[in-house]
Amino acid sequence: METKLTYCRICEALCGLEVDVENGEVVAARPDREHPISQGYCCIKGMKMVDIHRDPDRLLYPQRRDSGGNFGRVSWETALSEIGGKVREIREKHGPHAVAFYFGNPSAFSYSHAIFMQAFTRALGTRNVYSSGSQDCNNKFTVGKELFGSSVIQGIPDVEHMNYFLCLGSNPAVSQMSFVHMPRPVERLKAIEKRGGKVIFVGPRRTETSENFGEHVWIRPDTDVFFLASLLNIFAREDWIWRDGVEKYAKGFDKLLEVVRPWTPARAAKVTGIPEKKIEEIARDFSKASGAGAYCSTGVNQGSAGTLAYWFLNALNLVSGNLDRRGGMLVARGPMNTPRFMKVTGAEKSRATSRIGGFPQILGTFPASILADEIETPSEGQIRALFVTAGNPVLSCGNAARLQKTFKKLDLIVTIDLYRNETGDLAHYNLPVTDFFQREDFPLPFSLLQPEPYVQFTEAVAKPKGDQRQEWEIYVDLARACGVPIFGVPGFNQVFAASKALSKIPFIGDRLKLTPERMLEALLYSTPARLSELKKNPRGKHMPPNEPGSFLGKRVVTDDGLVNLAPPEFVQEAGKLEKMWKDKVALVEDGNTLLLFSKREKMTHNTWMHNVKEFVKGPRKTNYAYLNPVDAGKRSVSDGTNVRIKNGWGEIVLPAKLTDDVMPGAIAVPHGWGHQEAGGLQVAAETSGANVNVLAPDGVQNTERLGGMTPMNGIPVTVEAVG
């Protein structure tokens, strides 16, 4: 047995791991106590990746579905040949846009997967690319691009020096911190209080984090946009604005003030449930702190105005003087100037719009909420084939029941995944991939999200099993089989084929083989993160610290170098807030309606960790509907009673859990469940949970216009006891 070092890749924390390897297989994992960043911390989900690594349900060989719906093993040669033939036929008959691609968020945690996935979609020449980002985070990319000039520019908290942290819609104790690469978040946020600062958590549920430290402020689901607008309103009213900085580094401030002027604390209080005095107090304390930052996560992102809310949040950080300030929100440099690189190469200049709804692309993707319409609506560009990687859209997208039916109309579905999940059950081919223990990696997408800049390279610590392949190899082979040039560059297929052939010659070996690692080495060669140095330091190395005063007026990549505080599309969309406010008031006054929101759980991770036996045993075999006792009493619901949760999109039945941790008027349901018909997940199929996403809407009229987001929080539902 051999012990090796690597790091976890299921969330942005990227915690260091020690793993025991026997016969090329990881048999145990534990936190790396000597890792400079995570320092012996890793959540239970990261350590349980060993169970997924060794899971007998893992795909080992390519599978093909026969006419009877049964799956059988085929060779890679057969699968690639048949997939390629079908794609050629569809493209020749219906054009390149008839082939679509969907990817889930695990793809972001492999640099080679992310690069070659884009290379394959570019090769296909299709505009129809979709992602899970439209279910959880595309609003942040939209705001980054419109305010700062690049989707990848995101403010991150300078937690080591911060004295006031305002945290909305996040539960770091369970899910770490999205868009922040910060292991040990609870410990580091607690330190703010220990040095006399304040931590304020705003949400409709008292979370595992807020019950531990900080102050919890209740807010009704999907009303954060009014709370944040009211904070800006107060700053303008009291003239707490960082005038010199706003005038020097930004534009559109006067227009921003027009937008927030109607949203007084009194009006915000009426829909949010936060008392007017409390809103005033939060604004005052934020303005007086020597270093403050506002941060939000999926609880805000998934609302019906997630992009506007994130716009107001970023504006608050800037106009208060806390953006690019010590103890505020900083913008990391990363080992290379990624925003400038994307600007120069035109990586974000796509003018493509969706056939249905005319939505713009966000980082090259369209809203997944229109995918069913794109499949069902006849006309040129109608989707007829779909590749799915690292995702399970029939469970994770809004109006999930419709999408499941719609997928059955496709001429070809190919999944590239660890398992045959529910989407894979509908596929014609399922292609087996390696897990993160079985590949080398570098945290390329997360280098701009670090309060403590740091880089680490890991070699593969385990061997592939059966015929598993890395995703990048699959994309190269698929491009060749489909007759399209990888990266969209004619001749590249031949280059990869030649390098692969040469690597088989004994005296040449891998020296001439073209791989992502070679490309990464070239990319990092002139940076402080040279790959040759990282290989000598398996626990990685620190980069230069984030510098306050290094961003505004220097690294903003808008055309004029100024932060755009009032993008015209944002201002126009904000005109809809008045109607939204009135609708929210009506819901508050309607005693029969509850507002549904999603809940993260300690031992589950989206749709793909329910096949770990320990995570779904005993009372954890299902998800629950979490209700406040006040609402339960009105509906004659007791603890453990089955309740029917229903709206115009669908209904589910779940056992109720009564808790004071959920505010009155709201109901929380964990997402990712509903595996009863999963043919390739034996453990998950024995669970009895329900998929909450059948209650979420889809379609053009129900898609948030700016970020293409599916509203998944604050959904009005009725709840009743079932016999």
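Keep in mind that this is a model prediction, so the values were computed, not measured.
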Would the distance check show the side chain of Glu704 and the main-chain N or O of Thr307 forming a donor-acceptor pair, the cut-off being under 3.5 Å? yes
Answer yes or no: is there a donor N or O on one side and an acceptor on the other, between the side chain of Arg188 and the main chain of Glu160, under 3.5 Å? no
Taking side chain to side chain contact (heavy atoms under 4.5 Å, CB included) as the definition, give me every residue that meets it alongside [X], ordered by chain and number, with sequence neighbours left out.
X      : answer
Ser210 : Phe201, Arg206, Thr207, His216
Leu562 : Lys251, Asp560
Tyr249 : Trp242, Leu552
Asn212 : Lys190

Salt bridge flag under 4.0 Å for residues Glu521 and Arg518: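 Salt bridge flag = no for Arg518 with Glu521.
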Taking atom types as modelled, is there a side-chain donor on [X] or [Y] under 3.5 Å from an acceptor on the other?
X      : Y      : answer
His671 : Asn606 : yes
Glu517 : Tyr111 : no
Glu348 : Ser151 : yes
Thr389 : Glu471 : no
Ser38  : Arg184 : no
His35  : Glu18  : no
Asn564 : Thr558 : no

Does atom CZ of Arg122 have more than 12 heavy-atom neighbours from other groups under 6.0 Å away?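 At most 12 heavy atoms, drawn from other residues, nucleotides or ligands, come within 6.0 Å of this atom.
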Taking side chain as C-beta onward, heavy atoms only, is Val180 less than 4.5 Å from Pro157?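 Heavy-atom side-chain distance check passes, below 4.5 Å.
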Phe366 vs Gln361, side-chain contact (heavy atoms from CB on, under 4.5 Å): CA-CA, chis, key distance, verdict: CA-CA 5 Å; Phe366 290 133; Gln361 288 186 332; 3.2 Å; yes
So, applying side-chain contact (heavy atoms from CB on, under 4.5 Å) with Leu534, which one of Thr458, Val455, Leu520 is it? Val455
Show the numbers, then the answer: is there a side-chain contact (heavy atoms from CB on, under 4.5 Å) between Met342 and Arg340? CA-CA 5 Å; Met342 295 175 72; Arg340 179 60 61 184; over 6 Å; no
Just jot down the ring pair (Phe, Tyr, Trp, His ring centres under 6.0 Å) partners of [X], sequence neighbours excluded, or say none.
X      : answer
Phe457 : none
Phe103 : none
Phe235 : Trp240
Phe437 : His53

Check: Phe387 ring centre within less than 6.0 Å of Phe120 ring centre: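 So the answer is yes for these two rings.
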Parallel, tilted or perpendicular, judged at 30° and 60°: which one describes the rings of Tyr475 and His113?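 Answer is tilted, since the angle falls between 30° and 60°.
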Should the pair Phe551 and Phe148 be assigned to parallel (<30°), tilted (30 to 60°) or perpendicular (>60°) ring geometry? perpendicular
So which pairs with a foot in residues 136-148 pass side-chain hydrogen bond (donor to acceptor under 3.5 Å, both in side chains), sequence neighbours left out?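 Residue pairs with at least one partner in residues 136-148: Asn139-Asn301.
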Distance-only donor-acceptor hits, side chain of residues 308-315, under 3.5 Å, sequence neighbours excluded:
residue : atom : partner : partner atom : Å
Tyr310  : OH   : Gln154  : OE1          : 2.6
Trp311  : NE1  : Leu565  : O            : 2.8
Asn314  : ND2  : Tyr310  : O            : 2.9

Heavy-atom nearest pair, Val388 first then Pro393, reads CG1-CD, 3.8 Å
Salt bridge (charged side-chain N to carboxylate O under 4.0 Å, His left out) partners of Lys554, counting only residues at least two apart: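 Result, salt bridge (charged side-chain N to carboxylate O under 4.0 Å, His left out) vs Lys554: none returned.
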Hits for salt bridge (charged side-chain N to carboxylate O under 4.0 Å, His left out) against Glu459, two or more places apart or cross-chain, chain-then-number order -> none
Gln470 vs Thr434, side chain to side chain donor-acceptor pair (under 3.5 Å): CA-CA, chis, key distance, verdict: CA-CA 5 Å; Gln470 286 200 47; Thr434 54; 5.1 Å; no
Test side-chain contact (heavy atoms from CB on, under 4.5 Å) on Asp441 and Ser110; report intermediate values, then the result. CA-CA 6 Å; Asp441 227 331; Ser110 164; 4.0 Å; yes
Evaluate the ring-ring contact (aromatic ring centres under 6.0 Å, His included) criterion for residues Phe116 and Phe487: first the C-alpha distance (whole Å), next the side-chain angles of each, then the deciding distance (0.1 Å), finally the verdict. CA-CA 8 Å; Phe116 279 81; Phe487 287 101; 5.4 Å; yes
